[in-house]
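Taking it in order: structure first as C-alpha cells, then the write-up.
Atoms within a ligand are numbered from 1 in the order they appear, just like the ligands themselves. Quantities reported herein were computed from a predicted structural model and do not represent experimental measurements. Below, all heavy atoms of this structure are taken into account, side chains as well, without hydrogens, waters or symmetry copies. Index from 1, following the sequence.
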Amino acid sequence: MNAKTEPLLAVRQLAVRHRVRRWLPFAPMRWLRAVDGVNLNLRAGETLALVGESGSGKSTLARALIGLQAVAAGSIRYDGRELVGLDRKAWPALRREIQMVFQDPQSSLNPRMRVRDILAEPLQALQPQLDASARSQRVERMLARVGLPAELLDQRAKKLSGGQCQRVAIARALICEPRLLICDEAVAALDVNAQLEVLELLRSVQAETGLAILFITHDLGIVRRFSDRVVVMYFGRVMEQARTAVLFETPRHPYTKALMASVPGADPAQRAALLRDGPAPDVTVPASGCLFTSRCPMADAECLRRVPYTRSLRDGAAVACHYIADDWVRGRGFGDA
Ligand SMILES: Nc1ncnc2c1ncn2[C@@H]1O[C@H](COP(=O)(O)OP(=O)(O)OP(=O)(O)O)[C@@H](O)[C@H]1O
Ligand code: SF4
Ligand SMILES: [Mg+2]
C-alpha cells in the first residue's frame, strides 16, 4: 500500500440520522445520530477495518457509502466523484465498482434462484458485452475460487447451508471485479476454517486487482491478522484511527483499550478497570462533551464540557480524546500518515 496515493474513498464529516419511533402521536420528532462527523480515507489495495460495539453505527455508515441510506450532511468522494446527492440513475453504473456483502447471506440471495443464475445476473447487467459461454466460464471460475464445487451451480439458494450461501454472496460481489468491497460481518456466519479461506481469497483478489476493502467485524483477531488500518467507532463517532500494528501495540483512546479488554478470554478485572458501568450516551441530542464520558475511567469535568477534537499523532494515529499521552502534530487526522 502506497500511503502517498490519493484515497479511492474519502469520507468527510459524514452524518446520518435515523428517525426515532414516537410512542405518543403528538410527541416531537426525534432523530438518532447514528453517524456523526465521521472522517476516513481508504486507498486502493488497502483493507480498513471498522470496529465498535453493537449500535456504534458501522452498518449505517456502510449503507450510506453505497447509497442505501440517506445522508444528513458531509461528503463521500469515490474516485474523485461526490456520491452524496448523486442522481439515483447514476448508481447502477457504480455498482460494478462498489459492492457490499451483508451479514445475513440468506436474506441477500433470492432463495428460488439457482447459484448459476445468482452469479450470472450481475455479469448480464453490468457486463452485457460478454456472450453466454464467456459468462458461464466466469461463473464457474468464480465458484471454484470461493471454494465451492461445480455441482452446486444448479442448486437453488434455499438448499444451501449458511456457509455456502455466504461464499456465493462473496462470489457474486467479486464476479464483476469491483474496486471497492464493503464487507459487513461477512464472515461471521462461517466456521473458523471457512473464515480463513474466505479472508485468504479476499487477500489474493486484492493482491491481483488492488481491491480496496472496508471490513466491518466484531472479531479483533481477524482485524489484527487481516487489516492494514483500523477505525474505532463509538455511538456514531470515530474515537481512534491507526495503522493496525500501531493500534494493537499502542491503543491510545480509553474506548479502544476497553474494547480490546472485552475480547473472549480477557481478564475481567482488567476490563472492569478500563470500563465504568455507566449509561449509554443519548445520541438524539447534539453531543456537548465526549460521548464516552459515562463509561470512561479517566473522565473529568472537562470531558463533560467539551467535545474532544481529533489529534494526529507522530505515528499516524488519530485520537479523539482530551488526554492522550503523546505529542500531537496536527489538528485533524485519518490514522494513515
Ligand atoms: N433503520 C433504522 N431506523 C432507526 N434506527 C436505526 C435504524 N438502523 C439502525 N438504527 C439504530 O442506529 C444505531 C446504529 O445502528 P447500526 O446498525 O448502524 O450499528 P452497528 O454498529 O452496525 O451495530 P451491530 O454491530 O449490532 O451490527 C443503533 O442505535 C440502531 O438501533
Ligand atoms: S475525552 Fe475524557 S471521557 Fe473522553 S475518552 Fe478522553 S478522558 Fe475519557
Ligand atoms: Mg451492523
Side-chain angles (χ1 to χ4, degrees), residues 14-23 29-36 38 40 49-66 68-72 100-105 107-108 182-189 214-220 222-223 230-240 251-262 273-276 278-285 287-311 313 317-326 328:
L14 192 71
V16 180
R17 296 186 188 153
H18 292 306
R19 192 188 297 201
V20 181
R21 221 166 119 200
R22 284 192 283 200
W23 296 106
M29 188 84 78
R30 290 194 310 146
W31 296 88
L32 185 146
R33 290 154 200 270
V35 172
D36 199 10
V38 165
L40 57 84
L50 187 54
V51 301
E53 66 193 54
S54 192
S56 53
K58 306 180 297 294
S59 297
T60 301
L61 171 59
R63 291 171 62 81
L65 297 180
I66 56 162
L68 293 180
Q69 176 72 60
V71 165
M100 181 156 171
V101 183
F102 295 90
Q103 184 164 7
D104 177 9
S107 68
S108 61
I182 301 174
C183 297
D184 189 354
E185 307 267 4
V187 297
L214 180 67
F215 200 84
I216 298 173
T217 180
H218 285 273
D219 188 330
L220 293 182
I222 290 180
V223 171
V230 189
V231 171
V232 181
M233 280 182 77
Y234 182 72
F235 283 90
R237 287 186 168 253
V238 174
M239 297 286 130
E240 179 162 2
R252 264 58 166 253
H253 196 284
Y255 177 61
T256 311
K257 293 179 186 174
L259 199 64
M260 287 188 172
S262 64
L274 291 169
L275 191 65
R276 284 198 298 140
D282 179 1
V283 286
T284 61
V285 291
S288 55
C290 174
L291 287 183
F292 195 47
T293 307
S294 57
R295 291 175 174 167
C296 180
M298 285 169 60
D300 65 10
E302 185 68 359
C303 306
L304 276 173
R305 208 170 51 223
R306 271 198 312 128
V307 179
Y309 61 88
T310 302
R311 293 159 162 90
L313 308 187
V319 188
C321 169
H322 293 309
Y323 306 107
I324 41 164
D326 201 335
W328 56 280

Selection from G55, S56, G236 by shortest heavy-atom distance to atom 23 (O) of ligand 1: G55
Atom pair NE2 (H253) and SG (C290), whose distance is rounded to the nearest 0.5 Å: 5.0 Å
Atom 1 (S) of ligand 2: the protein heavy-atom neighbour that sits closest, reported with distance to 0.1 Å: H322 N, 3.4 Å
From the candidates M233, K58, Q103, R33, the one that places a heavy atom nearest atom 21 (O) of ligand 1: K58
Is_contact(atom 9 (C) of ligand 1), protein non-hydrogen, under 4.0 Å: yes
Nearest option to atom 1 (N) of ligand 1, as decided by whichever heavy atom of E185, H18, Q69 sits closest: H18
Protein contact to atom 26 (O) of ligand 1 [nearest heavy atom, distance to 0.1 Å]: S54 OG, 2.3 Å
Ligand-residue contact atoms, ligand 1 with L32, heavy atoms, under 4.0 Å: 12 (O), 13 (C), 29 (O)
Ligand 2 atoms in contact with C321 (distance to a heavy atom under 4.0 Å): 1 (S), 5 (S), 6 (Fe), 7 (S)
Pair Y234-R295, side-chain donor/acceptor within less than 3.5 Å: yes
Proximal atoms of ligand 1 relative to T60 (non-hydrogen, under 4.0 Å): 14 (C), 15 (O), 16 (P), 18 (O)
No-hydrogen, no-angle side-chain donor-acceptor test under 3.5 Å, T217 and D219: no
Top protein contact for atom 19 (O) of ligand 1, by heavy-atom distance: G57 N, 3.3 Å
S54 backbone or side-chain N/O/S under 2.8 Å from the Mg ion (ligand 3): no
Test log, rule side chain to side chain contact (heavy atoms under 4.5 Å, CB included), inputs V307 and R237: CA-CA 11 Å; V307 179; R237 287 186 168 253; 3.7 Å; yes
Y323 neighbourhood, listing ligand 2 atoms whose heavy-atom distance to it stays under 4.0 Å: 7 (S)
Min heavy-atom dist H218 to ligand 1 below 4.0 Å: yes
For ligand 2, the portion of C296 having any non-hydrogen atom under 4.0 Å away: side chain
Those atoms of ligand 2 less than 4.0 Å from some heavy atom in C303: 1 (S), 2 (Fe), 3 (S), 7 (S)
For atom 27 (O) of ligand 1, the protein heavy atom that lies nearest, with its residue and separation: S59 OG, 3.9 Å
Per atom 5 (S) of ligand 2, closest listed option by heavy atom (M298, H253, R295): H253
R311 side chain to C321 backbone, donor-acceptor under 3.5 Å: yes
Metal check, atom 2 (Fe) of ligand 2 vs C290 N/O/S, cut-off below 2.8 Å: no
Ligand-side contact atoms (ligand 2) for residue partner T293, heavy atom cut-off under 4.0 Å: 3 (S)
